[in-house]
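A short write-up of the structure that comes next.
Residues: numbered from 1 along the sequence shown. A quick note: this is a predicted structure, and the numbers were derived from the prediction, not measured.
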Amino acid sequence: MIVSPSLLSADFARLGHDVEMVNASAASWMHCDVMDGVFVPNISFGFPVIKAISKISTKPLDVHLMIVNPQNYISQVRDCGAAIMNVHQESCVHLHRTIQAIKAAGMKAAVTLNPSTPVSTLEDIIGELDMVLLMSVNPGFGGQKFIEGTVAKVRRLRALIDNSGSTALIQVDGGINASTAPLVAAAGADSVVAGSAVFAAPDPKAVIAELAAIGSRK
């Protein structure tokens with residue numbers, strides 16, 4: 001399983017320490033949630049912080065923009081050192097154009113769906129995507145309870161990807177822990193984002209290793 005620890009749950013007073021912990025762990029990526037207080041009811045951190053993280057991270061940066069008009073910030077995300085730029089389907093009027101611009105900037109392109117957004121909205125663009133992130137909580141805050149219906153949604157997305165011949169990965173974010181990660185893995189997920197389960201644990205690296213050891217259906 002590809003594990004992408006969410007720095008939204010890190011100790012911001014010791015952010016460098018927590019980034020180094022993830023560097024030394026079994027994590028594959030470093031997840032950075034950017035919130036603007038408009039698209040979601042919270043504000044997290046912005047590009048200067050991500051750029052500082054990129055200077056010490058040995059893991060590719062998985063940047064998730066929970067903001068309005070994400071297409072206006074493609075160059076800034078690239079310049080922060082992001083490997084993956086993830087935008088919400090709900091915030092992009094011209095999603096195909098945005099995906100093409102992300103790829104042209106040299107990053108992998110990912111799209112997130114909120115819990116109430118059906119996977120069918122991606123039918124005409126799934127072949128262009130490198131990854132789809134399914135939110136298993138309503139975005140904006142860490143520490144929320146996993147929405148159980150997400151498991152069936154992962155299955156529907158897996159069927160769409162497989163039937164279309166797409167190579168897109170499936171990532172799940174929200175309420176992920178040692179109990180819920182195996183459920184989404186069995187349904188076909190390739191990656192999980194874990195925040196509170198990692199950074200609130202007595203041994204974060206052990207939690208990351210446990211999640212990474214979970215096999216996916218593929």
Side-chain angles (χ1 to χ4, degrees), residues 4-10 12 15 29-55 57 59-144 147 150 153 157 160-161 166 168-174 191 193 195:
S4 189
S6 175
L7 294 177
L8 182 66
S9 296
F12 284 7
L15 187 56
W29 301 334
M30 195 94 60
H31 195 82
C32 300
D33 286 311
V34 179
M35 303 178 180
D36 63 358
V38 180
F39 182 69
V40 293
N42 196 11
I43 296 174
S44 59
F45 49 78
F47 301 128
V49 173
I50 297 174
K51 193 165 187 177
I53 291 168
S54 72
K55 291 179 180 178
S57 175
K59 311 288 186 178
L61 297 189
D62 172 21
V63 178
H64 177 193
L65 298 186
M66 289 180 258
I67 66 174
V68 297
N69 299 319
Q71 70 278 0
N72 294 342
Y73 303 98
I74 293 173
S75 62
Q76 288 96 320
V77 174
R78 176 200 60 207
D79 293 345
C80 286
I84 304 166
M85 180 171 170
N86 197 324
V87 299
H88 272 256
Q89 184 265 8
E90 303 86 1
S91 68
C92 292
V93 175
H94 303 290
L95 184 58
H96 185 270
R97 179 184 297 164
T98 299
I99 294 304
Q100 293 300 305
I102 291 170
K103 289 187 171 186
M107 295 176 287
K108 290 187 176 181
V111 170
T112 296
L113 299 182
N114 280 337
S116 64
T117 304
V119 299
S120 60
T121 61
L122 298 180
E123 285 180 358
D124 294 326
I125 199 174
I126 193 67
E128 302 289 332
L129 303 180
D130 295 300
M131 187 168 72
V132 177
L133 169 55
L134 297 181
M135 292 301 302
S136 43
V137 299
N138 287 293
F141 299 93
Q144 299 183 67
I147 297 173
T150 306
K153 193 172 184 179
L157 178 57
L160 173 61
I161 289 171
S166 170
L169 299 176
I170 298 175
Q171 186 177 67
V172 182
D173 181 5
S191 172
V193 176

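The structure places CD1 of I99 at 9.0 Å from CG of L122, a figure rounded to the nearest 0.5 Å. For the atom pair CZ (R97) and CD1 (I102), the distance works out to 13.5 Å, reported to the nearest 0.5 Å. In this structure, I43 CD1 and D36 CG are separated by 7.5 Å, a value rounded to the nearest 0.5 Å. Taking OG from S4 and CG from D62, the interatomic distance works out to 4.0 Å, rounded to the nearest 0.5 Å. The CD1 atom of I170 sits 11.5 Å away from the NZ atom of K153 when rounded to the nearest 0.5 Å. Rounding to the nearest 0.5 Å places CG of D79 at 12.0 Å from CD1 of I74.
The main-chain N or O of G174 is found under 3.5 Å from a side-chain atom of S136 such that the two form a donor-acceptor pair. Looking at Q89, its side chain never comes within 3.5 Å of a backbone N or O of T121 through a donor-acceptor pair. Between the side chain of N86 and the backbone N or O of T112 there is at least one donor-acceptor pair closer than 3.5 Å.
Looking at V87 and Q71, their side chains never come closer than 4.5 Å, going by heavy atoms from C-beta outward. Residues V63 and F47 are not in side-chain contact: their nearest non-hydrogen atoms beyond the backbone lie 4.5 Å or more apart. Considering only heavy atoms from C-beta on, N138 stays 4.5 Å or farther from V40 through its side chain. Looking only at side-chain heavy atoms (C-beta outward), P48 and K51 stay at 4.5 Å or farther from each other. V77 places none of its side-chain heavy atoms less than 4.5 Å from the side chain of L61. The shortest distance between side-chain heavy atoms of V111 and I125 does not fall below 4.5 Å. V68 places none of its side-chain heavy atoms less than 4.5 Å from the side chain of S91.
By the side-chain contact (heavy atoms from CB on, under 4.5 Å) test, D130 pairs with K103, K108, A109, sequence neighbours left out. Residues satisfying the side-chain contact (heavy atoms from CB on, under 4.5 Å) criterion with S191, sequence neighbours excluded, are I2, W29, Q171. Residues meeting the side-chain contact (heavy atoms from CB on, under 4.5 Å) test with D124, sequence neighbours left out: none.
Using modelled atom types and a 3.5 Å distance limit, the side chains of S44 and D33 yield no donor-acceptor pair.
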Let me see the working for L160 and V132 under side-chain contact (heavy atoms from CB on, under 4.5 Å), right down to the final yes or no.
CA-CA 11 Å; L160 173 61; V132 177; over 6 Å; no
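When all heavy atoms of I50 and C80 are compared, the closest pair comes out as CG2-CB, 3.7 Å. Looking at every heavy atom in both residues, P118 comes nearest to S116 through CD-O, 3.5 Å. The shortest heavy-atom contact between M135 and T150 is O-OG1, 4.2 Å. Nearest heavy atoms, E128 versus Q100: OE1-NE2, 2.9 Å. Annotation for A82 and M107: closest pair O-CG, 3.5 Å, computed over non-hydrogen atoms.
Using a 30° and 60° split on the angle between ring planes, H88 and H64 fall in the parallel class, below 30°.
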